[in-house]
Every structure is written in C-alpha cells, then in structure tokens.
Amino acid sequence: MKRVLITGAAGFLGSHLCDRFIAEGYRVVAMDNLITGDLKNIEHLFPLEQFEFYNHDVSKFIHVSGELDYILHFASPASPIDYLKIPIQTLKVGSLGIHNCLGLAMAKNARLMIASTSEVYGDPQVHPQKEEYWGHVNPVGPRGVYDEAKRFQEAMTMAYHTYHGLETRIVRIFNTYGPRMRLNDGRVLPAFIGQALRGEDLTVFGDGSQTRSFCYVDDLVEGIYRLLMSDYAHPVNVGNPDEITIGDFAEEIIKLTGTDQKVIYKDLPKDDPTQRQPDITKAREILGWEPKVSRSEGLKITYDYFKSLPEEELYKKEHKDFKDFIRVKK
Ligand code: UDP
C-alpha cells in the first residue's frame, strides 16, 4: 500500500483529497493545526486503520515515521478574510512549511505536490490566465501575504526540483467550491448562500462587474490526482473556465435558493482582482482533464450541503470586526 502525507487535511480541499486517496487504496497520513480546518471534515475516516491524523503546525519541524510515497502540501488559509486575519501564519506555512515538506520529501524520496493558486497572477492584466503569465501582484498589499507566500512556494519547489532533482508538481488552483467549505469563511459562495439562508440581503462588493470562474471540488480533485501521477513538473492551472461576474453570480444564488432578499452593494476590498479565468489548455493536453460538473449541478449539491448543517453553523460569525477593518473604498 502506498502512503501519502496530506497537510491541511482537515480543510475543505485537504479533506476531499483524503477521501480520494483512501478510495484509491492509499494509507493516508493527515496533518493539520486546525486553525482554519475542522475535524468534522475527516471524522468519518478516523475508524479506518489506513488513516492517521496528527494535529501539527507544518511551519514547525515535521517528523513522520515510516515510508512516504507522496506529500501534498495543502495547508494554508485560503479565504482572503482568513489570510488577512492571520497574515504571519499564512506567510509561515507558505515559506517555512514548504521548506519542511521539501526536506521531508528529500528524506523519504517522496514526490511532492504544492497547492498553488490563481492568486500568483494577482490582478491579472492577461486574460484568460496562462501558466506562462508572471502575474501582477502587490507584494505589500493586504493579499500579498498569501500571493507572495504561494509564489515563494513555487520558487522553492522548483529550486528543489532543479537543484536536488526532487520529483515535484505544482497545481495552480482557481476558485473552487463544494461541500465542507466553511459557511462563514468569508468567500463569496458561502457568504451568499449563508445570507440567503438567514434571510439577509446578498452583499456584492464593488459594482459586481469583477469576474471569477468557479470549479466544483470533485473536478478539482480529479485534476490534482492526474497531475500528481503525471511526469510534468511545471505549474498547471486546474479550474473551470466558465467565467461569471459576481453580480450575475448573486442573481444565480437568489434563483437557486428562492430567497426574496435583494442584492446590496458594499465597498470593494483593496486589490480585489477584476477578472479571473483559467486557460486550461495545458491541463487538457497533459492530463486529458477538463471539468465535468456544471455550475448549476455543483451549486445545487453545495446548497443542499449547507442546508443540511445544524442551524447554529448559520449564525457563527467569524472575523466580523476584521472584515470592517480591511475594507477600503476604491
Ligand atoms: N465578494 C462579494 N461579496 C462577498 C464576498 C466576496 O462580492 O460577500 C466578492 C469579492 O470581492 C471578490 C469575489 O467575490 O471579487 C470572490 O471573492 P472570494 O473571497 O470568494 O475569493 P477571491 O477570488 O477574491 O480570492
């Protein structure tokens, strides 16, 4: 049985990756410090003999006994509200954390994959975004802590690949959604659905003309799995190119939920990217991958998941004061 270490295993993506690797017959070593992750996402795996969990901060030295075939470094806050609230931890998990993971990969002779992001393109001036585009990031802006940590991670991973010959993979993940997102993580989809469920108006930031392209989590996990098994060491975009404005997205959520609430407009956060759409030519050619789940199907599944949560989840307000602190007028 092959053995995989997944950091950030109790998070949204990490937990879906745990499920996938268990289903593929792997032993899974799951690690998370539970700052933004939640054990509820992986508690169904605890009874399995082939699943182990360690509550550990990967920006500190990592020890794993026994062999490892793969390491997936997915630990990091991923919602703008989260990484604004904990900027230093975000930088540390992206820098010290990847250094520890790379050292472990060398020691175990394991193949390592990092979760990179469309944020490496910043507020992109090239559209759609191809992997060759170097990006447009403000290093000292509020999002810089995440964007630069991820850019450093890519550089560090590439250096271990070229200098040490380590087997590495870099996936650039675009906006992803699905069950196990935190209802109160501040990202647009849980924010809108949470508002609809609580009978509040939907808060569109700016005039709603900014765009995003949303990928359903199962499609993303398939792309990640294929990339890990491929022999391609350069970055690959994995996302759904079906682009939509945030204003239209709010209307879709209003229709989906049947809420009679309306859209209200709030100030746009600083450095909020104006457009984002992955060019997935590489993923198509190298991995034979493209997304299969339409936004209407994926949103329906996600809405059903949020509706099934206990009522108190709906009213858990995180980072409220902080949100007010970071929002600035354009
Ligand atoms: N957004 C919004 N209302 C919200 C939360 C987010 O209009 O309640 C906007 C946000 O300004 C951004 C887009 O939705 O333009 C996506 O934001 P999210 O935080 O989900 O992720 P991002 O893609 O910016 O990292």
Side-chain angles (χ1 to χ4, degrees), residues 12-13 36 76-85 87 90 115-124 127-129 135-138 141-150 172-178 181-198 200-217 220 237 239-254 257 259 261-278 295 298-299 302 306 317-320 322-324 326-330:
F12 163 50
L13 294 184
T36 56
S76 177
S79 154
I81 295 294
D82 285 339
Y83 55 74
L84 284 157
K85 192 186 175 208
T90 303
S116 188
T117 168
S118 54
E119 284 280 329
V120 300
Y121 304 120
D123 188 3
H127 194 75
Q129 292 79 55
H136 181 227
V137 169
N138 175 5
R143 301 173 83 105
V145 296
Y146 182 70
D147 302 5
E148 296 297 2
K150 292 288 186 179
R172 288 190 182 150
I173 299 169
F174 283 63
N175 295 64
T176 305
Y177 69 97
M181 288 185 101
R182 280 185 3 253
L183 199 47
N184 49 11
D185 82 355
R187 285 190 276 191
V188 66
L189 183 143
F192 284 172
I193 293 186
Q195 287 160 345
L197 288 173
R198 287 189 299 270
E200 298 169 0
D201 291 334
L202 276 64
T203 53
V204 167
F205 298 165
D207 63 4
S209 63
Q210 72 272 34
T211 67
R212 294 295 186 270
S213 307
F214 297 97
C215 184
Y216 186 65
V217 63
L220 183 88
N237 290 337
N240 190 324
D242 188 4
E243 185 181 3
I244 185 171
T245 68
I246 295 302
D248 287 347
F249 189 58
E251 294 303 331
E252 276 194 7
I253 301 290
I254 287 174
T257 58
T259 175
Q261 302 298 313
K262 57 181 193 317
V263 165
I264 53 169
Y265 295 89
K266 300 253 177 174
D267 296 333
L268 192 67
K270 183 165 161 48
D271 297 343
D272 198 281
T274 50
Q275 52 180 1
R276 185 181 286 159
Q277 188 202 91
R295 202 168 50 244
L299 284 181
T302 310
F306 283 134
K317 288 242 181 197
E318 271 181 89
H319 318 323
K320 194 170 163 245
F322 194 75
K323 244 181 169 175
D324 296 338
I326 54 142
R327 206 164 298 141
V328 293
K329 281 200 174 22
K330 237 194 172 174

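All heavy atoms count here, side chains included; hydrogens, waters and symmetry mates do not. Just so it is clear, the structure is predicted and the values come from calculations on it, not from any experiment. In listed order, ligands and their atoms are each counted from 1.
- With ligand atoms numbered from 1 in the order given, ligand 1 contributes 3 (N) to contacts under 4.0 Å with heavy atoms of F192.
- Here the rule is side-chain contact (heavy atoms from CB on, under 4.5 Å) with P142, and of D272, D147, D271 only D271 fits it.
- At least one donor-acceptor pair under 3.5 Å links the side chain of H136 to the backbone N or O of D123.
- Here the CD1-CZ distance, from I264 to F205, works out to 9.5 Å after rounding to the nearest 0.5 Å.
- Residue nearest to atom 12 (C) of ligand 1, selected from D272, D207, D271: D272 (by heavy-atom distance).
- Counting the atoms of ligand 1 from 1 in the order shown, those under 4.0 Å from a heavy atom of V204 are 7 (O).
- In summary, the atoms of ligand 1 found under 4.0 Å from a heavy atom of E119, numbered by their order in the structure, are 25 (O).
- At distances below 3.5 Å, not a single donor-acceptor pair connects side-chain atoms of T176 with backbone N or O atoms of G239.
- A donor-acceptor pair under 3.5 Å is formed between the side chain of R212 and the backbone N or O of P273.
- Contacts with ligand 1 closer than 4.0 Å are made by side-chain heavy atoms of N175 only, the backbone lying farther away.
- Considering backbone and side-chain N/O atoms, R212 comes within less than 3.5 Å of an N/O atom of ligand 1.
- Neither the backbone nor the side chain of K266 has a heavy atom within less than 4.0 Å of ligand 1.
- Those atoms of ligand 1 with a heavy atom of A191 less than 4.0 angstrom away are 8 (O).
- For P273, no heavy-atom contact with ligand 1 is shorter than 4.0 Å.
- Listed by number with element, the atoms of ligand 1 under 4.0 angstrom from any heavy atom of G186 are 5 (C).
- With hydrogens and angles ignored, the 3.5 Å screen pairs no side-chain donor or acceptor of D201 with any backbone N or O of Q261.
- Without hydrogens or angle criteria, T211 side chain to E243 main chain gives no donor-acceptor distance under 3.5 Å.
- At distances below 3.5 Å, at least one donor-acceptor pair connects side-chain atoms of Q129 with backbone N or O atoms of Q277.
- Between atom CD of residue Q195 and atom CG of residue L202 there is a gap of 5.0 Å, rounded to the nearest 0.5 Å.
- Polar contact check, P80 against ligand 1: no nitrogen or oxygen pair lies under 3.5 Å apart.
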Are S76 and K150 close enough, and set up right, to give a side-chain contact (heavy atoms from CB on, under 4.5 Å), and what steps lead you there?
CA-CA 9 Å; S76 177; K150 292 288 186 179; 3.9 Å; yes
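- Under 4.0 angstrom from ligand 1, the non-hydrogen atoms of I246 all belong to its side chain.
- Relative to atom 24 (O) of ligand 1, the option among R276, R187, R143 with the closest non-hydrogen atom is R143.
- Which parts of ligand 1 touch Q210 is read off a 4.0 Å heavy-atom cut-off, strictly below it: atoms 9 (C), 11 (O), 15 (O).
- Of all atoms in ligand 1, numbered sequentially from 1 with element shown, those under 4.0 Å from a heavy atom of P269 are 11 (O).
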